[in-house]
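As structure tokens, the structure follows; a few thoughts come after it.
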Amino acid sequence: MELSEQEIIRRNSLQEIISLGINPYPASKYEITANSEEILKDFNAEKGNFQDISLAGRIMSRRMMGKASFVELQDSHGRIQAYVNRDFICPGEDKEFYNTVFKRLLDIGDIIGVKGDVFITQTGETSIRVKELTILSKSIRPLPVVKEKDGVVYDAFTDPEQRYRQRYIDLIVNPHVREAFIKRTKLTNSMREFLNSRSYLEVETPILQPIHGGAAARPFKTHHNTLDQTLYLRIANELYLKKLIVGGFDGVYEFAKDFRNEGMDRFHNPEFTQMELYVAYKDYFWMMDLVEEMVEKIALDLNKTTEIQVGEHLINFKRPWKRFTMFEAIEHFTGVDISQMDEKQLFETARKLNVPVDETMGKGKLIDEIFGEKCEGNLIQPTFITDYPVEMSPLAKKHRSKAGLVERFEAIVNGKEICNAYSELNDPLDQRERFEQQLELGKRGDEEAMMLDEDFLRSIEVGMPPTSGLGIGIDRLTMIMTNSASIQDVIFFPQMRAEKKEQIDGKEIFINAGIPETWVQVLQTIGFKTFKSLSEQKAAKLHQDLCGYNKKNKLDLKNPSIDEVKKWTGE
RNA sequence: GACUCGUUAGCUCAGCUGGUAGAGCAACGGCCUUUUAAGCCGUGGGUCCUGCGUUCGAGUCGCAGACGAGUCACCA
């Protein structure tokens, strides 16, 4: 591994700390009696509280002024300034701990513990007067230094690739990132509270499934060795949860990681989280009321208001939300009533509306296309869209009064679907037909068509009570609640292409092959990390590159002869 | 998968019509006992993403590739 100048300096500092008899990675626990947030909030100089406290955190900035210094410490609650005075931490004659260890060997990024009293400086900043300082963990990799004044951030750490690949750094230096993730957890806590208060049972169902079902999507495929059997990572857990309703539970839910082998963009990550809920003896109207109530509660829990600024829009989750049937929505946005149209008329209408269509599309698909093109993006405030075409919804119950439709709704917020729910199909014969239609689609090449799940059908045949089911996208909801533009901002470790890892040979491998050490340095710098890579290069070219590098960087080394270089490459 | 943009010091970024690679922060050596994007003096740090080509000469121009971002398609 090649180290930067700063990394080498830090490693040297680490060795020096050790040789001074200080363990830079002590094993024993460090007692903490206060955190930055409570000190800044509750310190009162007249009361004289927060005396003799102990706090641990990461050094985020240092301001040295000779015998006195200030460091900003960041703990999990925020930042607080510590005042480090030479004569306080080195009361005796020996000032080495301050002069050498603190001033020279500690760095931004190191984690330290401090004991002392809280006071207010002349400039009015609540600070800790440090009486004792303990190194808890030495950092040997420099951290980006982000500074801020009057709300202006200087040298912000913004490169998306580095932020997502090294989320730990993102979390350290970008406080708003922390906040978004804390909100994500508050969101799931709030939702879980809501569901538990209604006595629904939180359950776990298989992620590895022999048949992937419950949604239309391409799966990830894997293999179990002992069973010698193909397994799929789940794309949904719907069918398993319904089996539990058959089994006699009245309400079951699961926060489920689902996996879909499809495109990635700012709204899609290959693994994502859904909360699915199934409640017996309910229908989709009932479920709409539940969604409104639950999401309104979440907004209040997270932001203390039902209004949330998302991009340019102020979104209000206050109940009740607008409700449109799909046909009403299309009429509202296009002025065309399609409710009585047959396939041919729909096709013509779509063409007139400039909705891209092709001959393979059936009635349901055409309606869905028109809705997607003309309506969905315009629905900014929370809106329920109800009554979808049966062709799109093989697991939803036929509409109680409207032929060709199912009892299904989606909630659309900021132009995006956040949840999907049905009155669940519990007629086993109808369900079997729907699966068979899906099989037909599959044969015609629809890779997302559902597979026929005999065990699921068997359970429905045993008898499932009328049930309403819901799937709500946790990532999407979090994006809205935190005003995040990308799903990658609400998933700690979003999927990315694997980093290429470089193989690097130790210097001695080159030296043992007869290459002078000074040239080993140059060779590795210009890209020959392994000895083997030399043999893949022509000696003449290598010779030129080496001499060129020597000249360009004014190394003043004696150039090797072409014959020497030939020996290195084995020519 | 297609198109557009990006990749220069540890971080954030300049670098014009091709001519010896720059700044701020960070680092290093000094000075400084209540500072706060601390300050002052000094120093070091770069296969300019990779490869090929054009050229006397490429960070800069051309082609190919890697990685990332955005838009579109599929999808939650």
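Throughout, protein chains are lettered first and strands after them, A, B, ... in sequence-line order, and every chain is numbered starting at 1.
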Give, for atom [atom1] of [X] and atom [atom2] of [Y], the distance between the pair rounded to the nearest 0.5 Å.
X: Leu353(A); Y: Lys374(A); atom1: CG; atom2: NZ; result: 6.0 Å
X: Asp110(A); Y: Ile135(A); atom1: CG; atom2: CD1; result: 7.0 Å
X: Phe157(A); Y: Arg163(A); atom1: CZ; atom2: CZ; result: 8.0 Å
X: Thr188(A); Y: Met191(A); atom1: OG1; atom2: CE; result: 8.0 Å

Please name the nucleotide paired to [N] by Watson-Crick or G-U wobble geometry with both distances under 3.5 Å, or report none.
N: C56(B); answer: G19(B)
N: C63(B); answer: G51(B)
N: C25(B); answer: G10(B)
N: U71(B); answer: A2(B)
N: A37(B); answer: none
N: C32(B); answer: none
N: G44(B); answer: none

By the 4.0 Å heavy-atom rule, please label [X] as base, sugar-phosphate, or nothing.
X: Asn269(A); answer: base
X: Ala217(A); answer: nothing
X: Gln122(A); answer: base
X: Gly473(A); answer: nothing
X: Glu125(A); answer: base
X: Gln488(A); answer: sugar-phosphate
X: Met64(A); answer: base
X: Asp265(A); answer: base
X: Asp475(A); answer: nothing

Counting only heavy atoms not in Arg351(A), do more than 12 fall under 6.0 Å of its CZ?
->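 Counting neighbours around CZ of Arg351(A), 12 or fewer heavy atoms of other residues, nucleotides or ligands fall under 6.0 Å, so no.
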Please state whether the base of [N] and the side chain of [X] form at least one donor-acceptor pair under 3.5 Å?
X: Arg63(A); N: U36(B); value: yes
X: Gln81(A); N: U35(B); value: yes
X: Thr123(A); N: U34(B); value: no

Of Thr121(A) and Gln274(A), the one whose nearest nucleotide on RNA chain B sits closer to the 5' end is Thr121(A)
Pick the nucleotide of RNA chain B nearest each of Ile487(A) and Arg497(A); which residue has the one closer to the 5' end?
->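 Between the two, 5'-proximity favours Arg497(A).
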Rounded [atom1] spacing from [N] to [M] in Å:
N: C25(B); M: G45(B); atom1: C1'; value: 14 Å
N: A37(B); M: G19(B); atom1: P; value: 39 Å
N: A58(B); M: U50(B); atom1: P; value: 14 Å
N: U60(B); M: U7(B); atom1: C1'; value: 14 Å
N: U12(B); M: C72(B); atom1: C1'; value: 31 Å
N: C41(B); M: U47(B); atom1: C1'; value: 34 Å
N: G53(B); M: C16(B); atom1: P; value: 25 Å
N: G59(B); M: C67(B); atom1: P; value: 24 Å

Would you indicate which nucleotide in C11(B), C74(B), U33(B) comes nearest to any side-chain atom of Glu262(A)?
->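 Of the candidates, C74(B) comes closest.
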Criterion side chain to side chain contact (heavy atoms under 4.5 Å, CB included) against Met326(A), the qualifying member of Thr386(A), Ile385(A), Ile370(A) | Ile385(A)
Give a yes/no answer on whether the side chain of Arg86(A) brings an N or O atom under 4.0 Å of OP1 or OP2 in U33(B).
-> no
Any side-chain N or O of Arg266(A) under 4.0 Å from OP1/OP2 of G70(B)?
->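 Answer is no, no contact under 4.0 Å.
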Protein proximity profile, nucleotides 25-30 of chain B - base contact B, sugar-phosphate-only contact S, no contact -, cut-off 4.0 Å on heavy atoms = SBSSS-
Is any side-chain N of the basic residue among Lys131(A) and Asp117(A) closer than 4.0 Å to the acidic one's carboxylate O?
-> yes
Salt bridge or not for Glu254(A) and Arg234(A), using N-O below 4.0 Å?
-> yes
Considering only heavy atoms from C-beta outward, does the side chain of Asp489(A) approach that of Arg266(A) to under 4.5 Å?
-> no
State which residues pass ring-ring contact (aromatic ring centres under 6.0 Å, His included) with Phe493(A); sequence neighbours excluded, sorted by chain then number.
-> none
